[in-house]
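Numbering starts at 1 and runs along the sequence shown. Order of listing sets the numbers, starting from 1, for every ligand and every atom in it. It should be emphasised that the depicted structure is a prediction, and the values quoted were computed from it without experimental measurement.
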Amino acid sequence: MKKIIAPSLLSANLAFLYRDIEMLNESEADWFHIDIMDSSFVSNISFGYSFIQYVKKYASKPIDVHLMISKPELYIKQCKNSGADHLHVHYEACIHLNKTIFSIKQYGLKVGVAVNPHTPVILLQDIIKDIDFVLLMSVNPGFSGQKFIDNTYKKIEDTKNLILKNNSYALIEVDGGINLENAYFLFKNGADIIVSGSTIFSDLDPKKIIRKLKKY
Ligand code: DX5
Ligand code: ZN
């Protein structure tokens, strides 16, 4: 278990983005999580390439990009050129998932496959050896500040079993509705990475929240 903390910039104060990037640089956070949405795969629009570029310019930690978009295979090169280090694509958005995974790897990026709350992780069995991360969505993707879905604990268990059975090195990342209470149990149950937006950025002292999460 790695216990990596990836704050989601979707909840950052965009009027003070540079300040929030510096805060995360100084904090015990491990990665910067950036949510890209296209209003097609999810019913929201967030950031484009320029946002990734700006964060990359000032961030001193890896950039973890979560593509909540249709046809993500069309945007791999631009994400790489903008500064992404990890690229997550949704299982539900990829018709040729195997091809997309290898295309991401060819660009030298680490690759994750995200699964919506309703998608059984067993569907990843034929690609689990080829990926670096399984990104378990613990809310329906599209918005920050939603309620955590408890079935995620079962999905962590299922993912762990799948990884072990297939001798995969994939790490388990969980995203959505994570707070100081459930984070403890997520790590305890086998999550390696947690993504957290509103819990971190809505506090007056985000670094303190990150420190607490990191201690679990
Ligand atoms: C949701 C995004 C998350 C979001 C998490 O679709 O993928 O990364 O920013 O925000 P919280 O932690 O507030 O649920
Ligand atoms: Zn995300």
Side-chain angles (χ1 to χ4, degrees), residues 4-14 17 20-21 23-24 27 29-48 51-52 55 59 61-70 72 75 79 84-94 104 109-119 131-153 155 171-187 191-204 206 208-210 212-214 216:
I4 288 169
I5 310 295
S8 170
L9 292 174
L10 193 60
S11 296
N13 185 339
L14 296 191
L17 180 59
D20 282 352
I21 294 171
M23 180 276 292
L24 292 178
S27 77
D30 299 279
W31 300 344
F32 287 70
H33 184 84
I34 298 181
D35 292 300
I36 307 285
M37 307 177 190
D38 64 350
S39 92
S40 164
F41 182 70
V42 291
S43 52
N44 197 2
I45 301 175
S46 58
F47 313 123
F51 186 85
I52 302 177
V55 175
K61 299 169 184 183
I63 311 292
D64 190 56
V65 174
H66 177 191
L67 294 181
M68 281 163 276
I69 63 175
S70 303
Y75 307 96
C79 286
D85 295 291
H86 313 153
L87 204 57
H88 301 274
V89 294
H90 266 263
Y91 174 87
E92 303 83 5
C94 296
I104 294 171
L109 297 166
K110 289 199 172 183
V111 58
V113 174
V115 290
N116 278 339
H118 71 275
T119 302
I131 62 178
D132 299 289
F133 316 110
V134 174
L135 181 58
L136 297 176
M137 291 310 301
S138 39
V139 295
N140 286 292
F143 299 89
S144 60
Q146 300 183 81
K147 190 178 177 308
F148 180 84
I149 295 171
D150 281 329
N151 189 51
T152 307
Y153 294 112
K155 293 185 81 168
L171 298 178
I172 302 175
E173 181 165 348
V174 184
D175 183 5
I178 298 179
N179 54 39
L180 286 174
E181 288 76 49
N182 56 27
Y184 172 80
F185 294 103
L186 289 167
F187 279 138
D192 299 293
I193 304 142
I194 58 171
V195 176
S196 178
S198 45
T199 292
I200 290 174
F201 287 100
S202 66
D203 198 274
L204 286 174
K208 181 190 73 194
I209 303 294
I210 294 167
K212 284 187 177 172
L213 290 169
K214 193 72 191 168
Y216 283 151

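- Taking the six-membered ring for Trp and the full ring otherwise, the centers of H90 and H66 sit less than 6.0 Å from each other.
- At least one N or O atom of H66 sits closer than 3.5 Å to an N or O atom of ligand 1.
- Interface of G145 with ligand 1, defined as ligand atoms under 4.0 Å from a residue heavy atom, comprises 11 (P), 13 (O), 14 (O).
- Rounded to the nearest 0.5 Å, atoms NE2 (H33) and CD1 (I4) are 13.5 Å apart.
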Exercise. Evaluate the salt bridge (Lys or Arg N to Asp or Glu O under 4.0 Å) criterion for residues D64 and K110: first the C-alpha distance (whole Å), next the side-chain angles of each, then the deciding distance (0.1 Å), finally the verdict.
Key: CA-CA 9 Å; D64 190 56; K110 289 199 172 183; over 6 Å; no

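- Of the N or O atoms in P141, none lie within a sub-3.5 Å distance of an N or O in ligand 1.
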Practice problem: Give the intermediate values and the outcome of side-chain contact (heavy atoms from CB on, under 4.5 Å) for residues L10 and S46. | Solution: CA-CA 8 Å; L10 193 60; S46 58; 4.0 Å; yes

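- Every atom of ligand 1 with a heavy atom of M68 under 4.0 Å away is listed here by number and element: 6 (O), 7 (O).
- For atom 1 (C) of ligand 1, the nearest protein heavy atom (residue, atom name, distance) is F143 O, 3.6 Å.
- Evaluated by nearest non-hydrogen atom to atom 5 (C) of ligand 1, the leading choice among D175, I194, L9 is D175.
- Residue D35 has at least one heavy-atom neighbour below 4.0 Å for each of these atoms of ligand 1: 2 (C), 3 (C), 4 (C), 7 (O), 8 (O), 9 (O).
- The contact set between ligand 1 and S196, taken as ligand atoms under 4.0 Å from a residue heavy atom, comprises 12 (O).
- Within ligand 1, the atoms closer than 4.0 Å to a non-hydrogen atom of L10 are 9 (O), numbered from 1 in the order shown.
- Closest to atom 13 (O) of ligand 1 among all protein heavy atoms lies S198 OG, 2.5 Å.
- Atoms of ligand 1 lying under 4.0 Å from at least one heavy atom of M137, given by number and element, are 7 (O).
- Here is the list of ligand 1 atoms found below 4.0 Å of a heavy atom in V195: 8 (O).
- Residues D175 and S8 bring no donor and acceptor atom of their side chains to less than 3.5 Å of each other.
- The structure places CG of D35 at 12.0 Å from CD1 of I69, a figure rounded to the nearest 0.5 Å.
- The count of protein N, O or S atoms under 2.8 Å from the Zn ion (ligand 2) stands at 4, with waters excluded from the count.
- At least one N/O-N/O distance between G177 and ligand 1 falls below 3.5 Å.
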Practice problem: Apply the test side-chain contact (heavy atoms from CB on, under 4.5 Å) to residues I36 and F51: give CA-CA distance (whole Å), side-chain angles for both, the deciding distance (0.1 Å), then the verdict. | Solution: CA-CA 10 Å; I36 307 285; F51 186 85; 5.8 Å; no

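- A donor atom on one side chain and an acceptor atom on the other are found under 3.5 Å apart for S70 and S40.
- Using the six-membered ring where Trp is involved, H88 and H86 have ring planes that are perpendicular, over 60° apart on the 30 and 60° scheme.
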With a 3.5 Å cut-off and sequence neighbours excluded, list the donor-acceptor pairs that the side chains of residues 143-151 form with protein atoms.
unit_1, atom_1, unit_2, atom_2, d
Q146, NE2, N140, O, 2.7
Q146, NE2, F143, O, 3.0

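- Atom CZ of F201 and atom CG of N13 lie 9.5 Å apart (nearest 0.5 Å).
- The single protein non-hydrogen atom nearest to atom 9 (O) of ligand 1 is S8 OG, 2.7 Å, given as residue, atom name and distance.
- The line from NZ of K208 to CD1 of I200 is 12.5 Å long, rounded to the nearest 0.5 Å.
- The side-chain heavy atoms of V174 and V195, taken from C-beta on, include no pair separated by under 4.5 Å.
- Note: W31 and F133 have perpendicular aromatic rings, judged against thresholds of 30 and 60 degrees for the angle between ring planes.
- Here the protein heavy atom with the shortest distance to atom 12 (O) of ligand 1 is G197 N, 2.7 Å.
- Given atom 6 (O) of ligand 1, the protein heavy atom at minimum distance is G142 N, 2.7 Å.
- Near G176, with a cut-off below 4.0 Å to any heavy atom, the atoms of ligand 1 are 14 (O).
- Counting heavy atoms under 4.0 Å from ligand 1, residue S144 touches it through both backbone and side chain.
- Between D85 and K61 there is no salt bridge, since no side-chain N of the basic residue sits under 4.0 Å from a carboxylate O of the acidic one.
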